[in-house]
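Only one structure is covered here, and it is reproduced in the block below.
Everything quoted here is computed from the prediction, not taken from an experiment. Values below: every heavy atom of this structure, side chains too, minus hydrogens, waters and symmetry copies.
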Amino acid sequence: MNSRDRGTADFTKKNQPRKLGCSDICSLTYFVLKYACQSFCACSTLQPSWTRFFQFAVLLVRHFLSFTQSIDILRSVIDVGESFYSKTFEVVAGESLDSDLSLPAFELIYSAKGGVPYFARSISTIANKTTFSPIPDDEKMSKIILYFHGGCFCLGSVASARNMVTRIAEEVNASVLTINYRRAPEFPYPIPATDCFNCYKWLLDKVVNTSQVVLAGDSAGGALVIETLIMIRDAGLSMPGGCILISPWVDIFDTQSESMRCNARFDLLSPEVMPYFARLYAGNILSDDLETGNTLKNEENTDTVSVIQQDLHGLPPMLIEYGDCEVFKDQILRFADKARNDGVRYVEIHGHEEMVHVFQAFNQLLPEPSKRSFSNMRVFMEQLDSLNTIPEV
């Protein structure tokens, strides 16, 4: 079996969650009841702006991630998403962007009024659609978001990202292509980023102008956006018009920063569990005592596994959205400063008061902060043409 065959087998046969057993369901029921009582019986919420339903969701996610280190169980719950619902957009999905199954499974959200974007006409899953956009020239000014879901490099799927991605598509009026890149621990660094890069190369051959493409991702997906952009730059390919980073996990070595300590009581991510996922993603690059600060093995590629350590020059305009109460706050601020110092032509960053990691995913429980964040994304994408005329430093 050659390397291409192995890639095909990987996409179709691995990284799938198993079904939950009776004991798993009992444990999950216990968690739901326990943290429902904590949230709805407490005198007040952890933050004044939080609803009790929002607090319940945050506590449930935090303690579920801490409760089990079984990737199978975590995937069985987290990979499942809500049913698609939108009055103005439609969705189509397939097991691969490529007919030979050499690219990941995908989900494409597009405007019902405009029809399937012309760039997707070659995908075998939707080739029989009759409502394509008429001609490529009609899409020169339309925006396409290539989205990488979060999940600590190990969890998540196009389904788990569906709710937030749909809201983004509606707010910014863009088509959104989400992919199921291969995940750790079965496929550690740099395989997830390589999958993202290959999907961008596929899209590069289909669009009229790469300036209409925006890379976006949340959490680990935000880090994959940066890794992909660096691969695009180093390969000498045309850059996308910009990138949107939602609570990006840019420093997997960060275990002792102030926000890791002080925001742990608020955030849905716990500092205690992040080293576990970091080791799964980095494979043999990290030592087993990451919690102590002795994180690195003596290997040349340790400076590339965490994107905050990489050279960011030549990357397109960036929009960064984060929660002021998330454990990643300090590393996100350091990353924004580094991007500016490395000469990225435009870096816009917004911190949302009293908000947690990827709070936009809870847009139905706490809509107003999410609306503000989505509005920032819309304005950013409307300004991309002018932002790309800013000289690089």
Original post:
Listed by chain and number, what are the ring-ring contact (aromatic ring centres under 6.0 Å, His included) partners of F277, not counting sequence neighbours?
Top reply: none

Original post:
For E107 and T178, does a side-chain donor sit closer than 3.5 Å to a side-chain acceptor?
Top reply: no

Original post:
Which pair of non-hydrogen atoms, one from S160 and one from I78, has the smallest distance, and what is that distance?
Top reply: CB-O, 3.1 Å

Subject >> Exercise: identify the closest heavy-atom pair between R378 and E171 >> reply: CD-O, 3.3 Å

Subject >> Side-chain heavy-atom pair L366, M355 within 4.5 angstrom cut-off >> reply: yes

**OP:** Without swapping roles, check the side chain of R183 against the backbone of G156 for a donor-acceptor pair under 3.5 Å.
**Re:** yes

**OP:** Output, in order, the C-alpha distance, side-chain angles, deciding distance and verdict of side chain to side chain contact (heavy atoms under 4.5 Å, CB included) for E227 and F197.
**Re:** CA-CA 8 Å; E227 289 187 41; F197 175 65; over 6 Å; no

Original post:
Partners of E348 by side chain to side chain donor-acceptor pair (under 3.5 Å), sequence neighbours excluded?
Top reply: Y346, H350

**OP:** Answer yes or no: is there a side-chain heavy-atom contact under 4.5 Å between V327 and P271?
**Re:** yes

Original post:
Would you say D254's side chain and S257's backbone share a donor-acceptor pair under 3.5 angstrom?
Top reply: yes

Original post:
What heavy-atom pair brings L74 and L155 nearest, and what distance separates the two atoms?
Top reply: CB-CD2, 3.7 Å

**OP:** Might you point out which heavy atoms bring Q212 and V207 nearest each other, and give the distance in Å?
**Re:** OE1-CB, 3.8 Å

Original post:
Do V158 and I109 share a hydrophobic cluster, counting only Ile, Leu, Val, Met, Phe, Trp and Tyr and linking them when any side-chain heavy atoms are less than 4.5 Å apart?
Top reply: no

Original post:
Would Q360 and S370 count as having a side-chain donor-acceptor pair, cut-off 3.5 Å?
Top reply: no

**OP:** Could you walk me through whether F359 and L268 pass side chain to side chain contact (heavy atoms under 4.5 Å, CB included), step by step?
**Re:** CA-CA 9 Å; F359 63 90; L268 54 85; over 6 Å; no

Subject >> Among R340, K338, R345, the one residue meeting salt bridge (Lys or Arg N to Asp or Glu O under 4.0 Å) with D342 >> reply: K338

Original post:
By ring-ring contact (aromatic ring centres under 6.0 Å, His included), which residues pair with W202, not counting sequence neighbours?
Top reply: none

Original post:
Do any N or O atoms from the side chain of D337 and from the backbone of R334 form a donor-acceptor pair under 3.5 angstrom?
Top reply: no

Original post:
Should we count CD of E353 as having more than 12 external heavy atoms under 6.0 Å?
Top reply: no

Original post:
Closest heavy-atom contact between N263 and E326?
Top reply: ND2-O, 2.9 Å

Original post:
Less than 4.5 Å apart, any side-chain heavy atom of L333 and any of Y322?
Top reply: yes

Original post:
Are any non-hydrogen side-chain atoms of P248 and I320 less than 4.5 angstrom apart?
Top reply: yes

Original post:
Between A193 and T228, what is the shortest heavy-atom contact and its length?
Top reply: O-OG1, 4.0 Å

**OP:** Pick out which of Q47, H352, K329 makes a side chain to side chain donor-acceptor pair (under 3.5 Å) with D324.
**Re:** K329

